[in-house]
Amino acid sequence: MLFLSLISGFFWTRTKGGRRSFGHLARPNSQWQEPVLGDALAIFMGADAYVSAGWYPSKQEHHKVVPTWNYEAVQVFGPVEFFSDTNRLLDVITRLTDQHEARQKTSWHVTDAFIQGHLKGIVGLRLTITHLVGKRKMSQNLWQKIVLV
């Protein structure tokens, strides 16, 4: 069976052992309990936006245009490991929190909370990256024709 989970936070590391991505999912999510068969796939979205057909001058000329969606995405492949070790989970949560709280005026820190109890509700994951595929669709073939309104 194929499983898919939306995981909102990841951070990356690079060591002699290669590139890795770390994140976590809720313990009630049964995906971490299933046997791992082959490589995992993680998809990371970049910029994306709707492009109206009305932005093209050709819309006024011949009406033979359609809207589209522009986007950037990276597919990351590799073996995944799930873990429940408290020290590893605390490291993942601390790194993710520090990464996102750095932009806040008043940042929150993992040490500010009774975090040990919350760690029991999550499972960590490590994805060792073996292969990357990037896709960037930004109406490259039409960039000179687009009129921004």
Side-chain angles (χ1 to χ4, degrees), residues 1-56 65-146 148-149:
M1 182 181 291
L2 180 65
F3 285 92
L4 172 71
S5 294
L6 177 61
I7 301 172
S8 56
F10 273 93
F11 71 89
W12 305 77
T13 64
R14 187 178 201 143
T15 64
K16 290 181 183 178
R19 295 174 291 187
R20 293 185 174 85
S21 185
F22 291 84
H24 70 280
L25 47 88
R27 187 169 292 280
N29 182 331
S30 63
Q31 183 171 359
W32 70 273
Q33 297 173 13
E34 297 297 325
V36 177
L37 305 172
D39 282 350
L41 165 64
I43 301 173
F44 296 92
M45 293 298 297
D48 71 307
Y50 175 80
V51 179
S52 172
W55 294 351
Y56 303 122
V65 293
V66 295
T68 189
W69 198 274
N70 286 341
Y71 61 91
E72 296 173 315
V74 175
Q75 298 172 354
V76 178
F77 298 87
V80 67
E81 170 203 359
F82 296 103
F83 57 89
S84 297
D85 176 73
T86 302
N87 291 331
R88 289 178 73 189
L89 286 172
L90 186 59
D91 181 55
V92 167
I93 295 303
T94 300
R95 288 183 188 216
L96 284 170
T97 302
D98 289 351
Q99 174 182 320
H100 294 285
E101 287 289 329
R103 297 177 281 234
Q104 304 301 319
K105 269 187 182 176
T106 307
S107 60
W108 182 89
H109 299 282
V110 170
T111 56
D112 294 345
F114 296 83
I115 199 70
Q116 295 298 324
H118 293 282
L119 293 178
K120 294 176 184 168
I122 62 172
V123 175
L125 67 89
R126 178 182 75 176
L127 175 63
T128 300
I129 301 166
T130 59
H131 185 68
L132 296 167
V133 176
K135 172 74 173 167
R136 185 168 194 246
K137 191 258 181 201
M138 294 289 180
S139 295
Q140 298 94 319
N141 58 324
L142 300 173
W143 72 272
Q144 291 177 328
K145 299 177 184 178
I146 296 175
L148 299 177
V149 289

Discussion item. Over 60° means perpendicular and under 30° means parallel, so tell me whether Phe44 and Trp12 are parallel, tilted or perpendicular.
Written reply: tilted

Worksheet item: Can you tell if the side chain of Ile43 reaches within under 4.5 Å of the side chain of Leu41, non-hydrogen atoms only?
Response: yes

Worksheet item: Could you give all pairs that pass the salt bridge (charged side-chain N to carboxylate O under 4.0 Å, His left out) test and reach residues 73-83, with sequence neighbours left out?
Response: Glu81-Arg88, Glu81-Arg126

Worksheet item: Does a side-chain heavy-atom distance below 4.5 Å link Trp69 with Asp48?
Response: yes

Discussion item. Is there a side-chain contact between Phe77 and Gln75 in this structure, where contact means two heavy atoms from C-beta onward sitting under 4.5 Å apart?
Written reply: yes

Worksheet item: Judged by modelled atom types alone, do Thr68 and Lys137 share a side-chain donor-acceptor pair under 3.5 Å?
Response: yes

Item to complete: Would you check if Val74 and Val133 make a side-chain contact, meaning some heavy-atom pair closer than 4.5 Å?
Response: no

Worksheet item: Does some side-chain heavy atom of Asp91 sit less than 4.5 Å from a side-chain heavy atom of Asn87?
Response: no

Practice prompt. Kindly determine whether Leu25 and Ile122 satisfy side-chain contact (heavy atoms from CB on, under 4.5 Å), including the steps that lead there.
Written response: CA-CA 6 Å; Leu25 47 88; Ile122 62 172; over 6 Å; no

Worksheet item: How many angstroms lie between atom NE2 of His24 and atom CZ of Phe82, to the nearest 0.5 angstrom?
Response: 13.0 Å

Worksheet item: Got a second to check how far Thr97's OG1 is from Gln104's CD, nearest 0.5 Å?
Response: 11.5 Å

Fill in: Least distance between heavy atoms, Pro79 atom then Asp39 atom
N-OD1, 3.4 Å

Response to the item:
The residue among Leu96, Leu119, Ile93 that forms side chain to side chain contact (heavy atoms under 4.5 Å, CB included) with Val110 is Ile93

Practice prompt. For residues Phe10 and Ser21, report the shortest heavy-atom separation together with the two atoms involved.
Written response: CD2-OG, 2.8 Å

Worksheet item: Which heavy atom in Pro28 sits nearest to a heavy atom in Gly121, and how many Å separate them?
Response: CD-O, 4.2 Å

Practice prompt. Only counting residues at least two apart or in another chain, list the ones meeting side chain to side chain donor-acceptor pair (under 3.5 Å) with Thr130.
Written response: none

Worksheet item: For the residue pair Leu127 and Gly78, what are the closest heavy atoms and their distance?
Response: CD1-O, 3.1 Å

Worksheet entry | Arg27 backbone acceptor or donor facing Trp32 side chain under 3.5 Å | yes

Discussion item. To check you understand the geometry: which heavy-atom pair defines the closest contact between Leu89 and Gly124, and what is its length?
Written reply: CD2-N, 3.1 Å

Practice prompt. Step by step, work out the side-chain contact (heavy atoms from CB on, under 4.5 Å) result for Met138 and Glu72.
Written response: CA-CA 8 Å; Met138 294 289 180; Glu72 296 173 315; 3.3 Å; yes

Discussion item. Using side-chain heavy atoms (C-beta onward) and a distance below 4.5 Å, is Gln116 in contact with Leu90?
Written reply: yes

Item to complete: Any pair with a residue in residues 3-20 that passes salt bridge (charged side-chain N to carboxylate O under 4.0 Å, His left out), sequence neighbours left out, goes on the list, sorted by first then second residue, please.
Response: none

Discussion item. Does any part of the side chain of Phe11, heavy atoms only, come nearer than 4.5 Å to the side chain of Val92, both counted from C-beta?
Written reply: yes

Worksheet item: Side-chain contact, heavy-atom cut-off 4.5 Å: Gln33 with Val123?
Response: no

